[in-house]
Amino acid sequence: MAEYGDHESSGDPLETLRHSAAHLLAAAVTELYPDARYGIGPAVQDGFYYDFAFSKPISESDLPAIESRMRKLAQADIPFVHETMSREQATEEFRRRGQDYKLELIADKVEGDEVSVYRTGDFLDLCRGPHVRSTRDLKAFKLLRVAGAYWRGDEKKPQLTRIYGTAWPTPRELEDYVKFLEEAELRDHKKLGKDLKLFAVDDRIGPGLPLWLPDGATIRRELERFIVDEELARGYLHVRTPDVARLDLFRQSGHAQLYKEYMYPPMTFEDGEQLELRPVNCPHHIVIYQTELRSYRDLPLRIAEIGNNWRYERSGTLAGMNRVRSFALNDAHIFCTPDQLMDEVKGAIDLALYFSRVLGIDEFWYQLSTRDDVKDKWLGTEEQWQEAQASLAEALESMGQQYRIGVGEAAFYGPKIDFQVYDAHRREFTNSTVQVDFQLPQRFDLEYVAEDGSRKRPVMVHRGAAGAMERLFSYLIERYAGAFPTWLHPTQVVVAAVKDEFNDYAREVGERLRASKIRVHVDHRSERLDRKVRDAKVKKVPYIGVVGGKEVESGHVNVQNRAGEKVDMAVDAFVDMISAEIAERRRTPPHSWGGGPTGQRG
RNA sequence: GCCCACGUAGCUCAGGCGGUAGAGCAUUUCCUUGGUAAGGAAAAGGUCCCCGGUUCGAAUCCGGGCGUGGGCUCCA
């Protein structure tokens, strides 16, 4: 969270521009709403925002007026003037203006007696800068939306009105950005999920509980097969466990205490039985570990499951398939000795990298999430945390991976590595994660028999290599804009005859494809070819096989790929080509005529 | 949960300052047999999100819910 001081000596001219645009916004707002108090206004990715307390609420319909006032001020060529004041003088200045948020910042954030401020005409802001020379340097900006935001990111503090905007060096770049936003809208998984009939949400089922429609379920099945097969090949043992357990299990794990706000209320029966929908899979897997006495020879034991988790997320946080209240996690718990920990962490990272490569997750970065100093948030000793954090960092470093540290973002039982990815709107979210846990083994008194016959405590690694199926799906929809690689696409081929009299041949071609387990739809409607091709293209089907007199004659099929290129080929050759593409889970077909997934934004 | 916006046929949306609603696409039927992104016609389809209130009368105004979207907080 950018606050006073975050922008000191920032050398990035674009950031300077955007930060200056934020000042311009605040200057315009204070002119139009003299009693508005302003909070903070930093540059952010692609733009800027400023937080205000208005005496009466404003809405997006007020933005055009504010924006035109900004333009007026921009044209007025008002210089950004840097001044230094004494703490006393600055306090007096902001008190006179009734800017109590600024007074709070001076009191809490400014060290020493010198306070750096910027003046833009009548507008005065606590700020270290730097800024552009004059408001006139701000030539391309646009206000986007209003949103509520808690003062200093604390939901117990008052909620301010945040106005978001975007700013660019030139109008041309602003236009490009606006165009990007429009294109992102078209890739949005909520829109495509509906258009392509991949999933649905319905009030009667409930918020955050999407339905997987047949085509969406097909994609999920393919993903799950891929994931499970790969994990089996890497020595994971796949299990199946129920979605509920006795509440006591979660008391023992600590979730009932530390994770309560996200858990569904327990189901209580007349005989006193209390069952709980599980928010995580770990306790079930731990119980599996404990079904027999384990030897060091059994370790590492990698127990995996695509398990359903139930978390009652706050209503305002739900979003399509990306954030839901019931999801299936590609989860695994690795029980190992401390000596094996490093290799297991590396193995988990390697698996996540492999999944990313195959699925086309090309852009991501790592965050090492560590604990902060708030003692009662975390289980375990400082030493254990240090040790675990060091293991994760070392694993990443030894694999030559760069990472960022997120202080205070760990799980309550241990630090973790998160793989952060972006959606179509460049919003960041966690897709997969690797977490070290010294706590649960202790809470459940896990042990194994060591070489010398003594009982020892294993270490646990939690990892979600491909993340939650729902979130992964939302990512993939946006990544491919619905034009999934052939192996994932719900309909791999549409066969269409040029007229009804060739429908029999079309069906025959369909059968031959189906015999090779290719998902094919024979479009035998009495429609013109144009229409059938269009409908297949709208569905982003990878291959359209057209048949008519010529093809019946030669035993061929005329194939059009997504790029619109056409090739005439024997049916067997077509089957072989697609089969190979599917078997290798190719992202782009090998032949020169392309047809691969739509590229990423750019 | 909080802030702002939105909620009219399966979908995308018009309309309506109070007199129970329209289009295009999709669906169904009929006609059309057409070589690579929308052939033609007809029919059917709506408690205008829900519950209250004001009113002779509410989809429209007011209040309260619920849901969706964008943020905040949180997170796979």
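Each chain gets a letter, A, B and so on, in the order its sequence line appears, and its residues count up from 1. Side chains included, hydrogens not; waters and symmetry mates left out as well; all remaining heavy atoms used. The structure displayed is predicted, hence computed values, not measured ones.
Checking G70(B), C4(B), G1(B) against the side-chain heavy atoms of Ser315(A) singles out G1(B) as nearest. In the set A5(B), G67(B), G35(B), the nucleotide with an atom closest to the side chain of Ser59(A) is A5(B).
Of the residues Leu513(A), Ile518(A), Val541(A), the one that meets the side-chain contact (heavy atoms from CB on, under 4.5 Å) test with Gln492(A) is Ile518(A).
If you check every strand for non-hydrogen atoms under 4.0 Å, Lys156(A) touches nothing. No contact: Gly564(A) has no heavy atom under 4.0 Å from any strand. Here Ile58(A) lies in heavy-atom contact (under 4.0 Å) with sugar-phosphate atoms only. Here Glu551(A) lies in heavy-atom contact (under 4.0 Å) with a base. Nucleic acid contact for Asp203(A): sugar-phosphate only, since backbone atoms but no base atoms lie under 4.0 Å from a heavy atom of the residue. Nucleic acid contact class of Val201(A) (heavy atoms, under 4.0 Å, all strands): none. Base engagement by Glu527(A) is indicated by at least one non-hydrogen atom pair under 4.0 Å involving a base atom. Residue-level contact check: Arg427(A) touches the backbone only, with heavy atoms under 4.0 Å from sugar-phosphate atoms and none from bases. Tyr164(A) comes within 4.0 angstrom of sugar-phosphate atoms only, judged by non-hydrogen atoms across all strands, and of no base. Gly464(A) comes within 4.0 angstrom of no nucleic acid atom, judged by non-hydrogen atoms across all strands.
In this structure, Arg531(A) does not reach the G34(B) phosphate: none of its side-chain N or O atoms is under 4.0 Å from OP1 or OP2. Between Lys191(A) and the phosphate of U68(B), there is no side-chain N or O to OP1/OP2 separation shorter than 4.0 Å.
For the pair Lys194(A) and Asn558(A), nearest-nucleotide mapping onto RNA chain B gives the more 5' position to Lys194(A). Each of Asp188(A) and Arg311(A) was assigned the nucleotide of RNA chain B with the nearest heavy atom; the assignment lying further toward the 5' end belongs to Asp188(A).
Two rings, from His255(A) and Phe412(A), have their centers less than 6.0 Å apart.
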Show each protein N/O and nucleotides 41-48 of chain B N/O combination with a separation under 3.5 Å, one pair to a line.
none

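Ring pair Tyr177(A)/Phe180(A) is tilted by interplanar angle, where 30° to 60° counts as tilted.
Pairing partner, C61(B): G53(B), with both Watson-Crick or wobble hydrogen-bond distances short of 3.5 Å.
In this structure, CG of Leu318(A) is placed 15 Å from P of C75(B), rounded to the nearest angstrom.
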